[in-house]
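Right, one structure below, let's go through it.
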Amino acid sequence: MSIDQTCMIEALALAENGRYTTTPNPRVGCVIVKDGDIVGRGFHEKAGQPHAEINALNDAGDQAKGATAYVTLEPCSHEGKTGPCAQALIAAGIKRVVYAMEDPNPSVSGRGIELLEYNNIATQGGIQEAAAFELNRGFIKRMMRGLPHITIKSAMSLDGRTAMASGESKWITCPRSRKDVQKLRASSCAIVTGINSVLHDDPSMTVRLTKDARQPLRVIVDTQLRTPLNAAIFKQRGKTVIATCNQEKADAMRPDLPDDCDIWVLPKRGERVDIYALMRKLASEECNDVLVEAGATLGASVLASGLTDELVIYMSGKILGSTARPLFDLPFEKMTAKLPISIKDIRAVGDDWRITAAPDPEG
């Protein structure tokens with residue numbers, strides 16, 4: 001393996017440190033190498049704070065002059081909450097910049113590289129590009145398509161059931177699986193659930209990895225605004241939004257909303273909230289990664305919308321029986337109506353199995 005590959009892998013590992021904290025910014029890592037030795041390391045820790053390149057330059061100090069910088073994303077060339085990183089690399093005397101991928105924002109893509117090359121800094125891109133893309137798949141999709149990366153998470157029994165007919169569902173999966181879900185939540189910008197889940201389970205929908213963990217935006221899809229104002233979801237730290245298409249009820253409900261809660265009135269498709277409109281709205285609110293934790297009805301709507309990027313399903317070794325609720329409410333009658341799914345990974349999590357899959361349009 002070349003030194004460029006090795007150093008970029010190190011930069012990607014650094015970027016992983018910002019997985020739960022950088023939103024809405026991308027996760028970026030940087031290492032600075034001189035005479036074969038790493039002299040500076042840095043990663044972007046939080047939006048509004050210095051970018052990875054600045055932290056690595058600060059770590060390297062005077063040794064940055066004449067060195068090579070390895071960055072997982074093209075250095076920015078525009079003014080944001082912090083100054084342009086490309087300019088900082090130039091000022092530090094960096095002689096070469098190796099980057100994994102270009103900035104996915106069409107309005108600025110390539111400009112950082114142009115600025116570096118204009119100042120006689122050698123550049124090389126595409127090193128560990130696939131890994132860099134995977135690291136920031138939500139940010140990239142939002143920049144390029146105006147939509148977040150959408151993951152449906154669910155838990156089911158061995159016979160594909162998610163709850164008893166009464167709605168009782170605690171607990172299908174083991175504690176290890178439930179802890180694993182906390183990581184999914186923590187890496188998400190928003191968690192979307194449906195009104196039926198709120199009425200049956202009264203969930204908190206919070207991240208509990210650490211006491212001060214960042215709380216994603218919580219979204220309840222509630223067409224007819226049946227959400228009780230004393231629901232547990234409103235009593236948690238962070239913001240909660242109700243997505244509806246009922247303007248009249250929204251106007252009547254707004255004055256009584258709990259603190260840090262809002263209502264979005266969105267277009268409807270059929271008799272329900274338009275999922276595409278909801279996801280576009282979430283992208284406009286700078287949500288990169290959206291986790292859908294919902295029952296059979298909303299889960300089916302999101303899956304059938306064609307917008308789903310990934311499914312993460314925790315399967316337990318239990319049988320709930322034929323009257324229990326299905327994973328998705330999709331009353332297909334013919335095989336031609338099937339939705340092909342490609343399984344990407346299956347691994348044990350405690351006593352359960354975690355299945356990672358994606359819709360397969362070619363299936």
Side-chain angles (χ1 to χ4, degrees), residues 150-188 191-209 216 218-222 231-233 272 275 290-335 337-360 363:
I150 302 164
T151 298
I152 297 176
K153 168 265 163 183
S154 192
M156 70 177 189
S157 62
L158 195 61
D159 54 344
R161 303 291 169 163
T162 62
M164 305 309 294
S166 64
E168 179 187 0
S169 62
K170 293 182 179 179
W171 293 101
I172 293 176
T173 54
C174 70
R176 283 274 300 277
S177 289
R178 299 198 294 275
K179 185 175 181 179
D180 199 61
V181 170
Q182 289 292 310
K183 297 177 183 178
L184 279 178
R185 289 183 179 180
S187 63
S188 301
I191 305 172
V192 177
T193 194
I195 178 58
N196 288 334
S197 293
V198 172
L199 294 176
H200 288 138
D201 298 333
D202 196 24
S204 297
M205 306 300 286
T206 54
V207 174
R208 298 182 290 276
L209 287 178
R218 295 179 292 270
V219 181
I220 306 167
V221 180
D222 182 4
I233 200 168
R272 294 175 180 164
I275 298 300
V290 170
L291 182 65
V292 178
E293 289 195 54
T297 301
L298 179 58
S301 294
V302 176
L303 186 59
S305 72
L307 299 175
T308 304
D309 296 290
E310 186 175 69
L311 298 94
V312 178
I313 299 170
Y314 296 85
M315 183 175 70
S316 72
K318 300 180 178 71
I319 300 292
L320 299 189
S322 58
T323 62
R325 298 183 178 188
L327 186 63
F328 297 112
D329 186 6
L330 292 167
F332 296 152
E333 295 184 359
K334 296 182 178 180
M335 186 63 74
K338 67 183 182 299
L339 291 177
I341 301 295
S342 176
I343 295 177
K344 305 297 183 182
D345 183 73
I346 300 178
R347 65 185 61 203
V349 180
D351 295 329
D352 304 328
W353 291 94
R354 185 183 68 205
I355 303 168
T356 303
D360 183 3

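Taking CD1 from I191 and OG1 from T151, the interatomic distance works out to 12.0 Å, rounded to the nearest 0.5 Å. Between atom CG of residue L209 and atom NZ of residue K183 there is a gap of 8.0 Å, rounded to the nearest 0.5 Å. Going from atom OG of S187 over to atom CD of Q182 covers 11.0 Å, rounded to the nearest 0.5 Å. Taking CG of L339 as the start and CG of D360 as the end, the distance is 11.0 Å to the nearest 0.5 Å. The CG atom of L199 sits 9.5 Å away from the CD1 atom of I220 when rounded to the nearest 0.5 Å. Interatomic distance, OG1 of T173 versus CH2 of W353, reported as 15.5 Å (0.5 Å rounding).
In this structure, the side chain of D202 does not engage the main chain of A231 through any donor-acceptor pair within 3.5 Å. In this structure, the side chain of D329 does not engage the main chain of A296 through any donor-acceptor pair within 3.5 Å. Side-chain atoms of R218 never come within 3.5 Å of backbone atoms of T206 as a donor-acceptor pair (strictly under, hydrogens ignored).
Sorted by first then second residue, the side chain to side chain donor-acceptor pair (under 3.5 Å) pairs that include residues 315-327, not counting sequence neighbours, are H200-R325.
The shortest non-hydrogen separation linking P203 to S197 is CD-O, 3.5 Å. Considering all non-hydrogen atoms of both residues, L327 and S154 come closest at CD1-OG, 3.1 Å. Minimum interatomic distance between P359 and I341 (heavy atoms only, all atoms of both residues): CA-CD1, 3.9 Å. Nearest heavy atom pair, residue K153 against residue V181, reads CE-CG2, 3.7 Å. Listed here is the closest heavy atom pair of A324 and A163: CB-O, 3.1 Å. Nearest approach of S177 to D352, heavy atoms of both residues: OG-OD2, 2.7 Å.
When side chains are defined from C-beta on, L303 counts as touching L311, because their heavy atoms get closer than 4.5 Å. Using a 4.5 Å heavy-atom cutoff, the side chains of M164 and L320 are in contact. The shortest distance between side-chain heavy atoms of T297 and R272 falls below 4.5 Å. Under the 4.5 Å side-chain criterion, counting only non-hydrogen atoms from C-beta, P216 is not in contact with L291. Looking at heavy atoms from C-beta onward, M156 lies out of side-chain contact with I172 at the 4.5 angstrom threshold. In this structure, the side chains of M315 and S157 stay at 4.5 Å or more apart for every pair of heavy atoms.
Crowding of R208 atom CZ: a count of heavy atoms from other residues, nucleotides or ligands under 6.0 Å exceeding 12.
D180 is linked by a side-chain hydrogen bond (donor to acceptor under 3.5 Å, both in side chains) to Y314, R354, counting only residues two or more places apart in sequence or in another chain.
Under the side-chain contact (heavy atoms from CB on, under 4.5 Å) test applied with L298, the options I275, I195, D222, I152 reduce to a single match, I275.
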